[in-house]
2 protein chains.
Amino acid sequence: MRNTRADVVAAALRVLAAQGLESCSMRRVAAELDVQPSALYHHVPNKQSLLALMADEILRSVRLDASDPRALCVALRGAMLSVRDGADVVATVEAFRLGSSAIERRLAELVGGEGAQTLLLYTFGHAQSTQTHRQAAEFGALLAEELPQEAGDGRDLDATFDSGIDIILGGLAAREIARTN
Amino acid sequence: MRNTRADVVAAALRVLAAQGLESCSMRRVAAELDVQPSALYHHVPNKQSLLALMADEILRSVRLDASDPRALCVALRGAMLSVRDGADVVATVEAFRLGSSAIERRLAELVGGEGAQTLLLYTFGHAQSTQTHRQAAEFGALLAEELPQEAGDGRDLDATFDSGIDIILGGLAAREIARTN
DNA sequence: ACCTGAACACCGTTCAAGT
DNA sequence: ACCTGAACACCGTTCAAGT
């Protein structure tokens, strides 16, 4: 036995971390394993499936037993931002699964189905835009030939993320009060 | 004068509507204009810029003088969903512009910066997942060789969109009350 | 079971040259 | 100003064949 499916996923995540989603081609992943591109199709039916397996692996660290919806969203965002382009990979795959992902189910237990969907979509959107901005900032820093400002945009985006969660949770709470009156 | 930049954008939107984002390559857009691929680079510096111009055109119908944040979000979502893969095109481009788009500025006037960001990210995320699900449903319908159910998932997604907006606007209102007390 | 080698039908972008 | 033609360095996927 030479390579296993897990080896392929691990290699793909190494390429993603090192070169980004744009460069994470089947051919590059194959090269990472010192194997011909066609060999990958023994482990995975196509690129889309490989991306789904990568998303699962990126989200493996998110504990589903949290009892605080905010903590779950923060963990989800953290996992997505922990790998280069992780937000894009996860958001694309999870958008496809909306209504059937484990994280959404857990969130729905805590805040109801509509609250879960709102929190999830907000979290995906915010993580994607955080990552887009970080890349733009890095790129700009390279062009300007100066060091990236250590505590500039990044901290702002973390703060606005929390604000958004506050607003949504506040809306859910207000709704609950209205229902019970 | 043979083709103008506007001709290129219009051709790209025709290809997008007919074949989707995946198939909207520089080469296909060139073919749509009966021109060599290299000719496009006279009108546009690269594919990314062309996508940005397409996003602007998709959003041209969104009136910025609305005084109701809900109406603005509904119009935004409607514009994105009016073209095949429009949500992906707009979300990608606008995420890059977060903090500087005309729609976000108008929304910020109505509900403040944090509210604007929350509403926008939610709207992008929901539109993207609506479109993903519609495509999956179409694909499934083709495989199952049956007609698409006319009022199934689509109406549900419209309803959940409104719910999410309600939750966010409710949260903003609750916050405003807390501040003025 | 896992992989090679070769092929097919594509990409975005550049650049000298034409009109 | 706008376009052609040719090239460069890539893609995802299939498939017969090898071990």
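Keep in mind that what you see is a predicted model, and the values were worked out from it rather than measured. Below, chain A is the first sequence line, B the second, and so on; all start at residue 1.
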> Quick one: does any side-chain atom of B:Ser101 pair with a main-chain N or O of B:Arg97 as donor and acceptor, under 3.5 Å?
no
> Below 4.0 angstrom, N of the basic side chain to O of the carboxylate: do A:Arg27 and A:Glu32 qualify?
no
> Between B:Asp68 and B:Arg70, is the closest basic N to carboxylate O distance under 4.0 Å?
no
> Does any residue of residues 47-57 of chain A have a heavy atom under 4.0 Å from DNA chain C, and if so, which ones, in number order?
none
> Mind calculating the distance between CD (A:Gln19) and C1' (D:dA9) to the nearest angstrom?
15 Å
> Taking the P atom in each of C:dA9 and D:dC10, what is the distance between them to the nearest angstrom?
22 Å
> Do A:Ser49 and A:Asn46 pair up side chain to side chain, a donor and an acceptor below 3.5 Å, judged on atom types alone?
yes
> Could you tell me the Watson-Crick or G-U partner of D:dC11, where both distances fall under 3.5 Å? Say none if there is no partner.
none
> Write out a two-atom table: protein N or O, nucleotide N or O from nucleotides 4-8 of chain C, distance below 3.5 Å.
| residue | atom | partner | partner atom | Å |
| --- | --- | --- | --- | --- |
| C:dT4 | OP2 | A:Gln36 | N | 2.6 |
| C:dG5 | O6 | A:Ser38 | OG | 2.6 |

> Tell me which nucleotide among C:dC10, D:dT14, C:dC3 gets nearest to the side chain of B:Arg28.
C:dC10
> For the side chain of B:His43, starting at C-beta, report the closest nucleotide among D:dC3, C:dC2, C:dT13.
D:dC3
> With no hydrogens and no angle check, is any side-chain donor or acceptor of B:His43 less than 3.5 Å from a backbone partner on B:Ala6?
no
> What residues form a side chain to side chain contact (heavy atoms under 4.5 Å, CB included) with A:Ala127, not counting sequence neighbours?
A:Arg77, A:Met80, A:Leu81, A:Ala87
> If only atom types and distance count, is the side chain of B:Arg84 paired as donor or acceptor with the main-chain N or O of B:Ala18 below 3.5 Å?
yes
> Across all strands shown, which nucleotide pairs with C:dC2 by Watson-Crick or G-U wobble geometry, both distances under 3.5 Å?
D:dG18
> For C:dG12, take OP1 and OP2 only and decide whether either is under 4.0 Å from a side-chain N or O of B:Asn46.
no
> Quick one: B:Arg5 CZ to D:dA1 C1', roughly how many Å, whole number?
14 Å
> Could you tell me the separation between the OH atom of A:Tyr41 and the P atom of D:dA16, rounded to a whole number of Å?
17 Å
> Looking at B:Thr123 and B:Leu119, would you say the former's side chain and the latter's main chain have a donor-acceptor pair under 3.5 Å?
yes
> Under a 3.5 Å cutoff, is there a donor and acceptor pairing between the side chains of B:His126 and B:Thr160?
yes
